[in-house]
Amino acid sequence: MAQQPIKQTEQADSENKMALGKKNLIMMAIGVIVIVIGFVLMAGGGSDDPTAFNYEMFSFRRITLAPILVIGGFVFEVFAIMKK
């Protein structure tokens, strides 16, 4: 059987249609920003003097808050991709 030719406008629409919509892309950008904020909060806490120990590296911000933000950002990324 011969296939009927696709109309020119239908073919153009199918080629220009993106897999993710504008709302999904905005949500993905928000997720990336949350992940970056988490990594920025995780940074630091080192000591300038290698013989001195700095307890600041075990602060709530670095041990608890930053990993929660990073994991939450990745979960939000998955949600943004899967949302229809």
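Every value quoted in this text rests on a predicted model; they were computed, and no experiment measured them.
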Quick one: side chains of residues 77-84, donor-acceptor pairs under 3.5 Å with protein atoms, not counting sequence neighbours, listed by atom name and distance.
from  : atom 1 : to    : atom 2 : distance (Å)
Glu77 : OE2    : Val32 : N      : 2.9

May I have the step-by-step check of side chain to side chain contact (heavy atoms under 4.5 Å, CB included) for Asn24 and Met18, ending in yes or no?
CA-CA 11 Å; Asn24 295 81; Met18 293 182 60; over 6 Å; no
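- Under the 4.5 Å side-chain contact rule for hydrophobic residues, Val34 and Ile71 do not share a cluster.
- Residues Phe60 and Leu69 are members of one and the same hydrophobic cluster, defined by side-chain heavy-atom contacts under 4.5 angstrom among Ile, Leu, Val, Met, Phe, Trp and Tyr.
- Taken from CG in Leu41 to OG1 in Thr64, the straight-line distance is 12.0 Å, to the nearest 0.5 Å.
- The hydrophobic cluster containing Val70, built from Ile/Leu/Val/Met/Phe/Trp/Tyr side-chain heavy atoms closer than 4.5 Å, also comprises Ile35, Phe39, Met42, Phe74.
- The heavy-atom pair separating Gly38 from Ala66 by the smallest distance is O-CB, 3.3 Å.
- In terms of the ring-ring contact (aromatic ring centres under 6.0 Å, His included) criterion, residue partners of Tyr55 (sequence neighbours excluded) are, by chain and number, Phe53.
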